[in-house]
Amino acid sequence: MFNNIPPITRNIIIINVIVFIGTYFLGNQVIGYLAGFYPFSPFFHSWQIITHMFMHGSIMHILFNMLTLYSFGPILEQTLGDKKYLILYFLSGLGAFFLFNLWNFVEAQQLTTELQQLGFNVNAYLSGASVGFSGDAASVLKQKELLESLKGIVATPMVGASGAIFGVVAAFATLYPDSKIMMMFIPIPIKVKYLMPIVIVVSIYLGVSGNGGGIAHLAHVGGALVGWILARIWKKHLYRFN
């Protein structure tokens, strides 16, 4: 069965599995180099905008992503061709990284402003200097809370192929809007053109509200947006150039 998967999708799955196994044995050393950190974090490296797409935090994480790619990827690979499919996959992953970190930037700027207003030297802290808190007990408590939130942005890595895969699913929904798919806990098939907007709206809400439970929901939105745009562009000329 695995040999029947088109080559691009098959190779992406293989690379993800290899990286996951390598991460399991090498641990934090791999995560620190390959996971996608906030671009203004001291832990950020330029290659992470690509390598984070092949990192996963758990067996359920990679299993869900690879099963989704296996379900939708082969159809798009055959429809679009190798070149367009690769462009779709990686640009969707980049779009996911960009939108997620754009929101991180907005939040980081707000936190930095609040900390500076309370007298905390954020720039010195981020450069590695030892910086103390100042003010009364309430001010110090507030500074600690804000600093913990800022640390969460700077030091928490983004991992997973979800952004790229959301781009694949969004492209599928754009090219085959009347296709019906089954969802867990929903006993009837649903047309993908109805399901995808619901998923995106929920992802936006969870990402903006901060109720995402450690999941980069805005990355999903960024990937889906790129996938939708590319599919809309290619749909007009699909049979002309393919």
Side-chain angles (χ1 to χ4, degrees), residues 9 12 16 36 38 49 52-58 60-77 79-80 84-107 153 156-236 238:
T9 301
I12 290 174
N16 273 277
Y38 177 57
I49 64 175
H52 83 274
M53 302 181 205
F54 300 98
M55 303 288 293
H56 291 86
S58 68
M60 291 305 297
H61 189 195
I62 188 172
L63 183 63
F64 178 80
N65 276 346
M66 295 304 101
L67 283 175
T68 304
L69 183 62
Y70 169 77
S71 299
F72 294 95
I75 300 172
L76 282 179
E77 184 173 344
T79 302
L80 298 175
K84 288 190 180 74
Y85 181 64
L86 272 175
I87 291 172
L88 168 69
Y89 189 87
F90 283 103
L91 282 189
S92 295
L94 292 176
F97 186 87
F98 174 79
L99 184 61
F100 178 68
N101 283 292
L102 179 62
W103 182 253
N104 275 344
F105 177 77
V106 171
E107 289 194 311
I153 293 173
T156 303
M158 172 185 175
V159 297
S162 301
I165 292 171
F166 259 72
V168 170
V169 176
F172 178 89
T174 304
L175 297 176
Y176 303 102
D178 292 320
S179 296
K180 294 181 179 181
I181 60 175
M182 295 289 293
M183 291 291 292
M184 194 178 298
F185 307 121
I186 301 177
I188 58 174
I190 304 174
K191 286 187 177 181
V192 70
K193 67 180 179 183
Y194 300 132
L195 182 62
M196 198 65 195
I198 295 173
V199 172
I200 296 303
V201 170
V202 172
S203 295
I204 292 173
Y205 168 75
L206 292 174
V208 172
S209 66
N211 297 320
I215 298 174
H217 289 284
L218 289 179
H220 299 168
V221 176
L225 180 61
V226 172
W228 175 75
I229 291 172
L230 290 176
R232 291 276 296 181
I233 294 171
W234 291 333
K235 188 176 183 179
K236 299 176 182 177
L238 193 58

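Contact check for T79 versus F172: no side-chain heavy atoms found under the 4.5 Å cut-off. The closest side-chain heavy-atom distance from N65 to N16 is not below 4.5 Å. For the pair V169/T68, a side-chain contact is recorded, criterion being any heavy-atom separation below 4.5 Å from C-beta on. No side-chain heavy atom of V221 sits under 4.5 Å from any side-chain heavy atom of W103. Contact of the M196 side chain with the P177 side chain is not registered, since no non-hydrogen atoms from C-beta on lie closer than 4.5 Å. With a 4.5 Å cut-off on side-chain heavy atoms, I204 and V201 do not count as touching. Here the side chains of H56 and V159 are not in contact, with every heavy-atom distance at 4.5 Å or above.
Minimum interatomic distance between I200 and A224 (heavy atoms only, all atoms of both residues): CD1-CB, 3.5 Å. Between I165 and L69, the closest heavy-atom pair is CD1-CB, 4.1 Å. In plain terms, the two heavy atoms of Y38 and I153 that are nearest each other are CB-O, 3.5 Å. Closest approach of A171 to A231, counting heavy atoms only: CA-CB, 3.7 Å. In this structure, L76 and L175 approach most closely via the heavy-atom pair CD2-CD1, 3.6 Å. Minimum heavy-atom separation, H61 to G57: ND1-N, 3.2 Å.
In this structure, CD1 on I12 lies 15.5 Å from OH on Y70, to the nearest 0.5 angstrom. Note: L230 CG to L91 CG = 6.0 Å, rounded to the nearest 0.5 Å. Taking OG of S92 as the reference point, atom CD1 of I87 lies at 11.0 Å (rounded to 0.5 Å). From N104, atom CG reaches atom CE of M158 across 9.0 Å, with rounding to the nearest 0.5 Å. Rounding to the nearest 0.5 angstrom, the gap separating the CZ atom in F100 from the NE2 atom in H217 is 10.5 Å. One finds the OG1 atom of T9 at 9.0 Å from the OH atom of Y89 (value rounded to the nearest 0.5 Å).
Only one option out of F166, Y205, F97 pairs with H220 in a ring-ring contact (aromatic ring centres under 6.0 Å, His included); it is F166.
Ring pair F90/F54 is tilted by interplanar angle, where 30° to 60° counts as tilted.
Under the rule for a ring-ring contact (aromatic ring centres under 6.0 Å, His included), Y194 has no partner lying at least two apart in sequence or in another chain.
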**Asked** Yes or no on side chain to side chain contact (heavy atoms under 4.5 Å, CB included) for W234 and L88, after CA distance, side-chain angles and deciding distance?
**Response** CA-CA 10 Å; W234 291 333; L88 168 69; 4.0 Å; yes
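Under a cut-off of 6.0 angstrom, the local environment of NZ in K180 is sparse, with at most 12 non-hydrogen atoms contributed by other residues, nucleotides or ligands.
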